[in-house]
Trainee: 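The structure under discussion is supplied below as structure tokens; questions concerning it will follow.
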Amino acid sequence: MYNTLTGEKEVFNSLEPGRVSMYVCGPTTYNYIHLGNARPLVVFDTVRRFLEYLGYEVKYVQNFTDVDDKIIRKSKEENVKPHELAERFIREYYQDADALRVKRANIHPRVSEHMDEIIKFIMGLVEKGIAYEVEGDVYFSVSRFADYGKLSGRSLEDLQAGARVEVDARKDNPADFALWKKVKVGEPSWESPWGYGRPGWHIECSAMSHKYLGATFDIHAGGCDLVFPHHENEIAQSEGLYDAPMARYWLHNGFITVNQEKMSKSLGNFFLVRDILQKFSASVIRFYLLSTHYRSPLDFADDKLESARKGLERLQTSYRLLQEHLDQGNIIVETNQTDIFVEFDKDINGYRKQFLDAMNDDFNTALAIAVLFDFARSINTIISKGRITSKEQQILVSAAKVYIELAGVLGLEIEEAQVEGGSDLVDGLMELVLSIRKEAREKKDYQTSDKIRDTLKNLGLILEDTPQGVRWRRQ
RNA sequence: GGUGCGGUGGCGAAGAGGCUAACGCUGCGGACUGCAAAUCCGCCAUGCGCCGGUUCAAAUCCGGCCCGCACCUCCA
């Protein structure tokens with residue numbers, strides 16, 4: 001996997017055999033999540049699923065930033081208490097993340113519930129002399145941490161040269177950042193040795209990751225805009241206090257762009273997951289997010305999601321056809337396997353291997369998906385060969401199993417969309433309509449039969465005539 | 001100004017020294033079908049931003065240039 005810290009792909013070795021500890025920076029809960037927020041969720045959820053597939057026991061921690069300037073500002077606008085606002089959007093977060101099949105973390109720590117740990121952490125830094133208090137604020141002294149800049153590849157001189165931060169004369173160094181902010185009127189605050197106040201942005205991840213994963217853990221992940229300053233500062237805090245490497249592998253996903261520009265809240269060009277779900281299913285969104293390598297930028301546009309929709313549908317169709325083929329049970333009892341099935345049987349393992357090789361190479365989901373397409377084509381071809389022997393049926397059953405298993409590593413729902421068919425009423429009506437159409441076709445009254453097909457299509461019901469009779473499905 | 005990422009067919013996107021440059025979408029031709037749909041088969045980059053260099057061999061390595069994006073301030 002590619003490690004931002006070294007700038008190279010490295011072989012992954014976990015700290016403890018068979019176990020992986022992983023911390024992912026979660027959202028600040030003051031709004032619904034947008035697609036840009038969803039990308040790391042889906043990408044790192046996939047990393048987790050893959051590690052679990054390989055047999056690791058993954059301890060996955062993802063925080064909620066529920067104490068923050070933006071929450072306070074928005075709560076004033078909406079005239080609700082900050083913690084109520086945060087609480088509400090945590091619930092909304094789960095709704096979107098669950099839809100995208102993002103597995104819940106083992107622990108979802110919140111800043112508001114970890115004040116003791118945070119304050120103790122800061123006290124430790126002050127005692128070690130790498131943080132200092134000024135009038136109720138506490139700052140981290142970057143000049144006291146020799147490795148400052150190692151993650152983002154910049155030096156303190158670089159930072160000063162291009163400094164856009166207004167200089168605060170009370171700081172020893174302009175790059176020093178706040179660990180603790182003195183309370184302002186009307187803001188939530190907690191008691192501390194420096195008076196009432198609240199934590200700075202970066203300290204929470206250092207304190208909470210330490211509590212749940214220890215001074216050193218395996219993987220720390222987040223969006224690439226967090227490399228600097230957020231993760232750089234986390235390293236300074238954690239390594240400054242514990243003198244041990246914070247995380248061994250740092251993973252960063254690329255941005256979602258809109259017209260090649262970063263999707264962000266400040267530019268206002270963001271799309272909420274919730275709104276996109278009006279047009280596309282969560283599975284399609286997930287598929288789309290995984291169709292590009294996680295470190296590359298990914299441009300958002302309706303036609304690109306539409307293309308993803310068609311692609312995913314292709315994968316789903318293969319599975320559906322395979323199931324139907326097996327359900328039809330047109331097995332003939334013979335012993336001689338044809339060559340093509342022998343070949344296909346070998347291919348199944350080949351696809352699995354190719355898929356895993358792709359994932360093993362820095363989570364190349366785009367390539368892994370390509371393998372699924374090859375697999376799908378193979379399935380489509382083999383089942384078009386018609387009747388099968390019982391031995392051949394076994395091969396198809398195992399193909400179905402592997403196919404679902406690999407899709408599952410990506411968290412893709414391949415077998416969905418068919419059962420949702422409907423109520424007894426719909427089924428009953430469809431039975432009636434289809435029998436009328438069947439009669440019309442038998443009488444070669446194609447005008448009527450096509451009218452039925454076209455009308456149903458406009459209602460979102462697709463009819464497909466096959467040698468075994470008509471088949472219908474939604475969408 | 002500093003730091004980093006990237007430019008591959010109509011679109012999206014893999015590939016990172018050597019088989020005909022994957023895969024998906026679109027388009028075109030064919031098979032199947034009453035016609036469709038789905039599926040299958042075939043076609044669509046003598047070329048991978050531009051110019052040089054290294055090499056028997058370069059999208060892939062090196063140098064220069066052009067263009068785009070991001071970070072250096074809250075953002076995933």
Side-chain angles (χ1 to χ4, degrees), chain A residues 4 7 24-28 33-44 68-70 73 149 152-155 157-166 175 177 201 221-230 232 252-257 259-267 270 287-288 291-293 295-299 301 303-315 317-318 320-321 354 358 361 364-377 379-385 441 444-447 449-450 453-454 457 462-467 470-473:
Chain A
T4 308
V24 180
C25 286
T28 301
I33 59 168
H34 67 248
L35 193 63
N37 300 313
R39 189 175 192 190
L41 300 177
V42 167
V43 161
F44 298 121
D68 175 87
D69 290 348
K70 283 164 290 190
R73 196 180 59 221
S152 53
R154 19 188 135 218
S155 63
E157 296 81 72
D158 292 343
L159 289 169
Q160 277 156 29
R164 284 198 262 158
V165 195
E166 57 193 286
F177 55 91
W201 174 37
C224 66
D225 53 349
L226 297 181
V227 172
F228 189 90
H230 188 55
E232 194 69 71
H252 296 277
N253 64 275
F255 290 119
I256 300 284
T257 58
N259 297 322
Q260 323 302 329
E261 276 194 324
K262 176 182 174 181
M263 179 184 289
S264 74
K265 287 173 186 166
S266 39
L267 286 173
F270 59 89
F287 181 83
Y288 161 76
S291 64
T292 298
H293 185 87
R295 284 191 286 119
S296 301
L298 174 57
D299 200 52
D303 59 334
K304 286 165 186 163
L305 273 160
E306 179 56 23
S307 175
R309 207 208 91 227
K310 294 242 184 74
L312 179 62
E313 190 173 272
R314 181 174 168 79
L315 294 180
T317 299
S318 273
R320 200 184 69 231
L321 294 176
Q354 285 176 50
D361 185 10
N364 194 336
T365 53
L367 191 54
I369 286 172
V371 175
L372 288 182
F373 279 116
D374 288 337
F375 197 168
R377 182 185 298 275
I379 289 172
N380 293 338
T381 301
I382 201 92
I383 61 183
S384 69
K385 301 299 173 190
R441 291 187 74 212
K444 299 213 191 300
D445 176 6
Y446 295 122
Q447 207 184 336
S449 68
D450 288 354
R453 187 172 62 198
D454 293 345
K457 184 163 188 230
I462 309 290
L463 297 194
E464 294 174 359
D465 293 309
T466 75
V470 68
R471 159 207 300 152
W472 71 276
R473 63 188 166 88

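Chain A is the first sequence line, chain B the second, and so forth, proteins listed ahead of strands; every chain is numbered from 1. What you see below is based on every heavy atom in this structure, not just the backbone, and it leaves out hydrogens, waters and symmetry mates.
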Trainee: With a 4.0 Å cutoff (strictly under), does any side-chain N or O of Arg295(A) reach OP1 or OP2 of rG6(B)?
Mentor: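 No, outside the criterion.
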Trainee: If pairing requires Watson-Crick or G-U wobble contacts with both distances under 3.5 Å, which nucleotide is the partner of rA16(B)?
Mentor: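 Matched rA16(B) with nothing under the 3.5 Å cut-off.
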Trainee: What's the closest nucleotide to the Ser449(A) side chain, out of rC23(B), rG34(B), rU39(B)?
Mentor: rG34(B)
Trainee: Classify His252(A) by what it touches in the nucleic acid, base, sugar-phosphate, or nothing, heavy-atom distance under 4.0 Å.
Mentor: nothing
Trainee: Is Lys457(A) touching bases, backbone alone, or none of the nucleic acid, heavy atoms closer than 4.0 Å?
Mentor: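 Counting heavy atoms under 4.0 Å across all strands, no contact is made by Lys457(A).
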Trainee: Side-chain N or O of Lys262(A) less than 4.0 angstrom from OP1 or OP2 on rA76(B)?
Mentor: no
Trainee: Test for a donor-acceptor pair under 3.5 Å between the base of rG24(B) and the side chain of Arg314(A), counting only N and O atoms.
Mentor: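 Counting by modelled atom types and ignoring angles, no donor-acceptor contact under 3.5 Å is found here.
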Trainee: Measuring only the P atom in each nucleotide, how far is rA59(B) from rC19(B)? A whole number of Å is fine.
Mentor: 10 Å
Trainee: Is there a donor-acceptor pair closer than 3.5 Å between any side-chain N or O of Gln354(A) and the backbone N or O of Val371(A)?
Mentor: no
Trainee: Which nucleotide in the set rG34(B), rA14(B), rU39(B) lies at the smallest distance from any side-chain heavy atom of Tyr446(A)?
Mentor: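 The nucleotide sitting nearest to the side chain is rG34(B).
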Trainee: I need the Asp465(A) CG to Arg471(A) CZ distance, nearest 0.5 Å.
Mentor: 10.0 Å
Trainee: Let me spell it out: for each of Glu464(A) and Ala38(A), pick the nucleotide of RNA chain B with the closest heavy atom. Which residue's pick is nearer the 5' end?
Mentor: Glu464(A)
Trainee: With sugar-phosphate meaning primed atoms plus P, OP1 and OP2, does Ser264(A) contact a base, only sugar-phosphate, or nothing at under 4.0 Å between heavy atoms?
Mentor: base
Trainee: Checking Arg309(A) now: which residues fulfil side chain to side chain donor-acceptor pair (under 3.5 Å) with it, not counting sequence neighbours?
Mentor: Glu306(A), Glu313(A), Gln475(A)
Trainee: For Leu372(A), report the nucleic acid contact type (base, sugar-phosphate, nothing); a contact means any heavy atom under 4.0 Å.
Mentor: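 Contact class for Leu372(A): none.
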Trainee: Considering only the P atoms, how many Å lie between rG42(B) and rC25(B), rounded to the nearest integer?
Mentor: 15 Å
Trainee: Say you pick atom C1' in rG10(B) and the same atom in rA70(B); how far apart are they, in whole Å?
Mentor: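 Looking at atom C1' only, rG10(B) and rA70(B) are 28 Å apart.
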Trainee: Quantified in whole Å, what is the P atom distance between nucleotide rC41(B) and nucleotide rA58(B)?
Mentor: 33 Å
Trainee: Does any nucleotide pair with rC65(B) by Watson-Crick or G-U wobble geometry, both distances under 3.5 Å, and what is it?
Mentor: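 Answer to the pairing question: rG49(B), which forms a Watson-Crick or G-U pair with rC65(B).
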Trainee: Can you tell me whether the side chain of Asp303(A) and the base of rC11(B) have a donor-acceptor pair closer than 3.5 Å?
Mentor: no
Trainee: Using the C1' atom as the point on both nucleotides, what is the distance between rC67(B) and rG29(B), in whole Å?
Mentor: 38 Å
Trainee: Heavy atoms under 4.0 Å, any strand shown: does Ser152(A) hit a base, just sugar-phosphate, or nothing?
Mentor: sugar-phosphate
Trainee: Base, sugar-phosphate, or nothing for Gly222(A), non-hydrogen atoms under 4.0 angstrom?
Mentor: sugar-phosphate
Trainee: If I take atom CG from residue Leu321(A) and atom CD1 from residue Ile383(A), how far apart are they, to the nearest 0.5 angstrom?
Mentor: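 Answer for the CG-CD1 pair, Leu321(A) versus Ile383(A), is 4.5 Å.
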Trainee: Please report, rounded to the nearest Å, how far the C1' atom of rC71(B) is from the CD atom of Glu232(A).
Mentor: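 The distance from CD of Glu232(A) to C1' of rC71(B) comes to 12 Å, rounded to the nearest Å.
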Trainee: Nearest of rC71(B), rA22(B), rC41(B) to any side-chain atom of Asp225(A)?
Mentor: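 Out of rC71(B), rA22(B), rC41(B), the nucleotide with an atom closest to Asp225(A)'s side chain is rC71(B).
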Trainee: Hey, is Lys457(A) close enough to Asp454(A) for a salt bridge, meaning N to O under 4.0 Å?
Mentor: no
Trainee: Contact class for Asp454(A) vs. all strands (heavy atom < 4.0 Å): base, sugar-phosphate, or nothing?
Mentor: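 Counting heavy atoms under 4.0 Å across all strands, no contact is made by Asp454(A).
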Trainee: Within this structure, what is the CG-OG1 distance for the pair Leu267(A) and Thr257(A), rounded to the nearest 0.5 Å?
Mentor: 11.5 Å
Trainee: Any donor-acceptor pair under 3.5 Å joining the side chain of Asp450(A) to the base of rG34(B)?
Mentor: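 Under the 3.5 Å cut-off, the side chain and the base do form a donor-acceptor pair.
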Trainee: Is there a Watson-Crick or G-U wobble partner for rG1(B) with both distances under 3.5 Å, and which nucleotide is it?
Mentor: rC72(B)
Trainee: Can you tell me the Watson-Crick or wobble partner of rC11(B), both distances under 3.5 angstrom?
Mentor: rG24(B)
Trainee: By nearest atom, which of the nucleotides rA76(B), rC40(B), rC35(B) is closest to the Lys265(A) side chain?
Mentor: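 It is rA76(B).
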Trainee: Rounded to the Å, how far apart are Leu315(A) CG and rA38(B) C1'?
Mentor: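 Distance check: Leu315(A) CG to rA38(B) C1' gives 15 Å.
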Trainee: Nearest to the side chain of Ala370(A), heavy atoms from C-beta on, is which of rC23(B), rG34(B), rA37(B)?
Mentor: rC23(B)
Trainee: What is the nucleic acid contact for Leu41(A), judged by heavy atoms within less than 4.0 Å: base, sugar-phosphate only, or nothing?
Mentor: nothing
Trainee: Please evaluate residues Arg377(A) and Asp374(A) with respect to the criterion salt bridge (Lys or Arg N to Asp or Glu O under 4.0 Å), reporting the C-alpha separation (whole Å), side-chain torsions for both, the decisive distance (0.1 Å), and the verdict.
Mentor: CA-CA 5 Å; Arg377(A) 182 185 298 275; Asp374(A) 288 337; 5.4 Å; no
Trainee: Starting at CG of Asn380(A) and ending at P of rC40(B), how long is that distance when rounded to a whole Å?
Mentor: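 Taking atom P of rC40(B) as the reference, CG of Asn380(A) is at 4 Å.
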Trainee: Which nucleotide, rU39(B), rG12(B), rC74(B), lies nearest any side-chain atom of Ser266(A)?
Mentor: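 Nearest to the side-chain atoms of Ser266(A), counting from C-beta on, is rC74(B).
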Trainee: Nearest of rA13(B), rG15(B), rC71(B) to any side-chain atom of Thr292(A)?
Mentor: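 For Thr292(A), the side-chain atoms sit closest to rA13(B).
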Trainee: Please report the distance, rounded to the nearest Å, between CD1 in Ile383(A) and P in rC40(B).
Mentor: 9 Å
Trainee: If I pick the P atom on rC51(B) and the same atom on rC74(B), what distance separates them, to the nearest angstrom?
Mentor: 43 Å
Trainee: Rounded to whole angstroms, how far apart are CD1 on Ile462(A) and P on rA37(B)?
Mentor: 11 Å
Trainee: Could you state the interatomic distance from CZ (Phe255(A)) to CD (Gln260(A)), rounded to the nearest 0.5 Å?
Mentor: 14.5 Å
Trainee: Between rG12(B), rG34(B), rA38(B), which nucleotide gets closest to the side-chain atoms of Lys304(A)?
Mentor: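 Closest nucleotide to the Lys304(A) side chain: rG12(B).
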Trainee: Could you measure the distance from the CG atom of Leu298(A) to the CE atom of Met263(A)? Nearest 0.5 Å is fine.
Mentor: 9.0 Å
Trainee: Is the phosphate of rG24(B) approached by Arg377(A) (side-chain N or O, under 4.0 Å from OP1 or OP2)?
Mentor: yes
Trainee: Calculate the interatomic distance between Gln447(A) atom CD and rC35(B) atom C1'; express it in whole Å.
Mentor: 13 Å
Trainee: Looking only at the side chain of Arg453(A) (C-beta and beyond, no hydrogens), which of the listed nucleotides rC40(B), rC35(B), rA14(B) gets closest?
Mentor: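 Closest nucleotide to the Arg453(A) side chain: rC35(B).
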Trainee: What is the nucleic acid contact for Leu226(A), judged by heavy atoms within less than 4.0 Å: base, sugar-phosphate only, or nothing?
Mentor: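 Sugar-phosphate, no base atom in range.
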Trainee: Just label rA59(B) as syn or anti from its O4'-C1'-N9-C4 or O4'-C1'-N1-C2 angle, using within 90° of 0 for syn.
Mentor: syn
Trainee: Could you tell me which nucleotide pairs with rC40(B) by Watson-Crick or G-U wobble geometry, both distances under 3.5 Å, or answer none if nothing does?
Mentor: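 Because both required distances fall under 3.5 Å, rC40(B) counts as paired with rG30(B).
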Trainee: Any donor and acceptor pair, going by atom type alone, linking the side chain of Ser384(A) with main-chain N or O of Thr381(A) inside 3.5 Å?
Mentor: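 Yes; at least one donor-acceptor contact below 3.5 Å.
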Trainee: How do Asn364(A) and Gln260(A) order along RNA chain B: which one's closest nucleotide is nearer the 5' end?
Mentor: Asn364(A)
Trainee: The side chain of Asn37(A) lies closest to which of these nucleotides: rC72(B), rA37(B), rA76(B)?
Mentor: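 Between rC72(B), rA37(B), rA76(B), the one nearest the side chain of Asn37(A) would be rA76(B).
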Trainee: For a quick check of understanding: with a heavy-atom distance under 4.0 Å over all strands, which category does Gly7(A) fall into, base, sugar-phosphate or nothing?
Mentor: nothing
Trainee: Between rC23(B) and rA14(B), how many Å separate the two P atoms, rounded to a whole number?
Mentor: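 Approximately 15 Å lies between the P atom of rC23(B) and that of rA14(B).
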Trainee: Taking only the P atom of each, what is the distance from rA21(B) to rG47(B) in whole angstrom?
Mentor: 12 Å
